[in-house]
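Taking it in order: structure first as structure tokens, then the write-up.
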Amino acid sequence: MRRFAALYAALDASTSTLDKRAALRDYFREAPPADAAWALWFLSGGKLARIARTGELRAWIAEASGLPEWLIEDSYHHVGDLAETLMLLLDDPAPEAEVDLPLHVWIEDRLRPVAGREEPLRKAVVMAAWAGLREPERLVFNKLLTGALRVGVSTRAVQQALTEHSGVDIALLAQRMIGDWAPTPDFLAGLLSGEATEADRERPYPFFLASGIEAAPAPPGAGAFADLAEWLVEWKWDGIRLQLIRRGGTAALWSRGEERLDGRFPEIEAAAMALPDGCVLDGELLAWNAAEDRPLPFTALQKRIQRRRPGPKLLADCPVRVLAYDLLEEGGEDLRARPLYERRARLRKLLATYPDPLLALSPEVAPRDWAHAAALRAEARRRCVEGLMLKRRDSPYRHGRARGDWWKWKVDPLTADAVLIYAQPGHGRRSTLHTDYTFGLWDGDALVPVAKAYSGLDDAEILRLDRWIRANTLERFGPVRAVRPVHVFELGFEAVNLSGRHKSGIAVRFPRILRWRHDKPAAEADRLDTLRALAR
DNA sequence: GTCCTTGGCCTTC
DNA sequence: ATCGGACACATTCGG
DNA sequence: CCGAATGTGTCCGATGAAGGCCAAGGAC
């Protein structure tokens with residue numbers, strides 16, 4: 001545990017990714033495999049099955065520290081992180097009372113056996129740990145209790161460090177970490193193995209993700225986009241990204257979040273079984289309006305995304321299909337290094353050989369020129385798509401969000417001018433500032449909340465607004481402050497949906513602040529009716 | 001003891 | 001999804 | 001020509017809305 005706590009401290013102390021990578025490399029070089037496997041699990045976002053609810057932890061710390069609950073609550077609000085608060089409220093044990101066990105022993109022998117058991121058992125283990133751990137280890141222990149580590153390293157950074165440590169290609173590491181795996185020495189050995197393993201054949205390929213186009217450096221038609229003929233243009237579908245794996249006599253669907261979707265979309269799995277064995281398709285799952293031959297809005301799909309076993313009514317009400325746009329494997333051969341035009345030609349041929357409306361080719365849009373492309377992009381909302389995709393015809397299928405070859409060119413957002421009506425403090429390192437805002441629109445002479453948004457202001461604006469909020473609070477409801485309705489902000493969003501959850505009856509998709517409208521008085525902010533008219 | 005509501009968690013975008 | 005901030009690395013500028 | 005300043009690419013955390021799942025707890 002000491003070594004892992006030291007790694008955590010090193011990662012926490014630096015913001016430099018080079019330093020972090022060096023600390024990770026050192027850790028993986030020195031730590032025993034049983035510990036290293038668990039470290040990898042936590043650093044890549046893994047969690048333990050819940051040992052205690054946060055309410056229980058607060059009660060236990062009150063007992064262990066002898067402090068009243070209100071003081072603990074208050075401390076938490078100042079610190080902004082429960083694990084850290086719990087650490088700070090206790091003293092270090094005397095040296096002779098200290099307990100030092102390896103990370104995997106803490107987890108496998110102490111915590112896991114009591115997960116889900118009666119409260120006194122769990123409490124005893126946690127209290128004993130608190131009594132036996134010094135400060136840095138106590139913090140890490142608490143982090144394991146309350147959730148993920150969140151220490152400024154992404155899974156990708158950890159994989160990069162492992163690549164440097166082991167020499168195994170990062171894309172292969174990423175592939176091996178997709179889906180479920182057990183944090184054991186065996187898994188770690190397989191992960192760092194130079195040779196292809198049997199398990200490699202069960203997992204999807206790491207997804208290639210597109211970046212948003214920024215008009216300033218490279219508007220379509222200029223720079224890298226000068227020659228339209230080099231680019232394949234497709235619709236940017238509003239569904240969920242999917243890899244369809246047809247291997248070993250079965251068909252499996254994997255989401256972008258690297259989850260298996262078994263049973264969720266049985267009609268697609270059935271259709272996929274018609275494909276020849278040994279192929280992998282990349283595409284988009286869409287809810288489809290067959291009568292009008294176009295996608296249903298994303299809200300229709302939402303009813304199915306998490307539904308493990310959809311019933312006949314849902315299957316009928318929300319029919320889905322896959323529009324495939326890439327072929328990553330055919331006849332058991334990995335095609336990712338081949339150019340897109342070749343992969344796509346093979347995909348077209350494959351889908352033509354086994355025709356099924358549930359498994360179709362995402363069509364090429366084929367604009368005449370960039371002006372035509374821009375005009376088609378402007379029609380996106382009417383067509384129920386999010387915009388256009390631009391893909392370089394000779395590009396390989398890369399790993400992660402590599403820039404340059406795949407771009408999403410989304411339709412311009414909708415906008416509204418709304419009034420700031422509530423504010424509350426953020427979390428983590430923003431816990432000392434009011435960074436969480438609720439905006440309202442006029443409905444008669446009242447302001448009705450329509451969206452929460454935090455992103456879009458820079459630090460200077462956040463600081464300025466925080467000072468103003470503190471001085472202009474009308475009423476407080478716990479951490480939430482109602483403020484004088486004075487400031488107007490232009491909000492951007494992708495769509496307006498009808499919603500039963502909000503008083504306004506509508507909800508906006510992807511709300512963000514575009515600018516602070518110092519020039520506009522609150523009375524001139526937009527009206528709720530205007531937004532309602534855009535809802536669908 | 002069973003049923004229903006509620007809230008936290010988790011995934012999608 | 002979104003966005004701003006921060007670091008890493010590449011390129012350009014100033015002496 | 002070299003070190004400093006500036007620009008660009010990438011990563012990262014903190015945050016939005018919806019809907020399903022699941023466990024806790026109250027009502028009966």
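So that the names make sense, note that chain A is the first sequence line, chain B the second, and so on, each numbered from 1. For the numbers below, each heavy atom of this structure counts, side chains included, while hydrogens, waters and symmetry mates do not. This structure is a prediction, so every number in the text was calculated from the model and none was measured.
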Pick the nucleotide of DNA chain C nearest each of Asp459(A) and Leu18(A); which residue has the one closer to the 5' end?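 Final value for this comparison: Asp459(A).
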
When you check the phosphate oxygens OP1 and OP2 of [N], does a side-chain N or O of [X] lie under 4.0 Å from one of them?
{"X": "Lys47(A)", "N": "dC9(B)", "answer": "no"}
{"X": "Thr17(A)", "N": "dA6(C)", "answer": "no"}
{"X": "Arg156(A)", "N": "dC11(D)", "answer": "yes"}
{"X": "Arg430(A)", "N": "dA14(D)", "answer": "no"}
{"X": "Lys303(A)", "N": "dT12(B)", "answer": "no"}
{"X": "Ser499(A)", "N": "dA18(D)", "answer": "yes"}
{"X": "Thr435(A)", "N": "dA14(D)", "answer": "no"}
{"X": "Arg403(A)", "N": "dT10(D)", "answer": "yes"}
{"X": "Thr15(A)", "N": "dC7(C)", "answer": "yes"}
{"X": "Arg256(A)", "N": "dA1(C)", "answer": "yes"}
{"X": "His427(A)", "N": "dG13(D)", "answer": "no"}
{"X": "Lys408(A)", "N": "dA1(C)", "answer": "yes"}
{"X": "Arg307(A)", "N": "dG20(D)", "answer": "yes"}

So, [X] versus [Y]: side-chain donor-acceptor pair below 3.5 Å or not?
{"X": "Trp409(A)", "Y": "Glu386(A)", "answer": "no"}
{"X": "Tyr325(A)", "Y": "Glu284(A)", "answer": "yes"}
{"X": "Tyr397(A)", "Y": "Asp282(A)", "answer": "yes"}

If I pick the P atom on dG5(C) and the same atom on dT6(B), what distance separates them, to the nearest angstrom? 40 Å

Considering only the C1' atoms, how many Å lie between dC10(B) and dA1(C), rounded to the nearest integer? 15 Å

In this structure, how many angstroms lie between the [atom2] atom of [N] and the [atom1] atom of [X], rounded?
{"X": "Arg260(A)", "N": "dT12(B)", "atom1": "CZ", "atom2": "C1'", "answer": "19 Å"}
{"X": "Leu491(A)", "N": "dT15(D)", "atom1": "CG", "atom2": "C1'", "answer": "14 Å"}
{"X": "Gln302(A)", "N": "dA1(C)", "atom1": "CD", "atom2": "C1'", "answer": "11 Å"}
{"X": "Asp405(A)", "N": "dT10(D)", "atom1": "CG", "atom2": "P", "answer": "11 Å"}
{"X": "Leu314(A)", "N": "dG19(D)", "atom1": "CG", "atom2": "C1'", "answer": "11 Å"}
{"X": "Ile506(A)", "N": "dA18(D)", "atom1": "CD1", "atom2": "C1'", "answer": "15 Å"}
{"X": "Arg401(A)", "N": "dT10(D)", "atom1": "CZ", "atom2": "C1'", "answer": "11 Å"}
{"X": "Lys236(A)", "N": "dT12(B)", "atom1": "NZ", "atom2": "P", "answer": "14 Å"}

Is the ring pair Phe4(A)/Phe42(A) parallel, tilted or perpendicular, if the boundaries are 30 and 60 degrees?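 It falls in the tilted class, 30° to 60°.
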
Touch class at under 4.0 angstrom, heavy-atom based, for [X] against every strand present:
{"X": "Glu494(A)", "answer": "nothing"}
{"X": "Gly239(A)", "answer": "sugar-phosphate"}
{"X": "Ile513(A)", "answer": "nothing"}
{"X": "Thr299(A)", "answer": "nothing"}

Closest to the [X] side chain, choosing from [options]:
{"X": "Phe510(A)", "options": "dT15(D), dA18(D), dC13(B)", "answer": "dC13(B)"}
{"X": "Tyr454(A)", "options": "dT15(D), dA18(D), dC13(B)", "answer": "dT15(D)"}
{"X": "Arg509(A)", "options": "dC13(B), dG4(C), dG13(D)", "answer": "dC13(B)"}
{"X": "Ser455(A)", "options": "dT2(C), dT11(B), dG13(D)", "answer": "dT2(C)"}
{"X": "Ile305(A)", "options": "dT12(B), dA18(D), dC13(B)", "answer": "dT12(B)"}

Is the distance from the ring center of Phe489(A) to that of Phe439(A) below 6.0 Å? yes

Answer yes or no for Arg203(A) and Trp254(A): cation-pi contact, defined as NZ/CZ to six-membered ring centre under 6.0 Å and angle to ring axis within 45°.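 Judged by the rule, Arg203(A) and Trp254(A) form no cation-pi pair.
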
State whether Phe265(A) and Arg307(A) meet the cation-pi test: NZ (Lys) or CZ (Arg) under 6.0 Å from the six-membered ring centroid, and within 45° of the perpendicular axis.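 No cation-pi geometry.
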
Tell me which one of Asp458(A), Thr435(A), Leu457(A), Leu433(A) satisfies side-chain contact (heavy atoms from CB on, under 4.5 Å) with Leu463(A). Leu433(A)

So, under a plain 3.5 Å distance rule, would you say the side chain of Arg512(A) forms a donor-acceptor pair with the base of dG4(C)? no

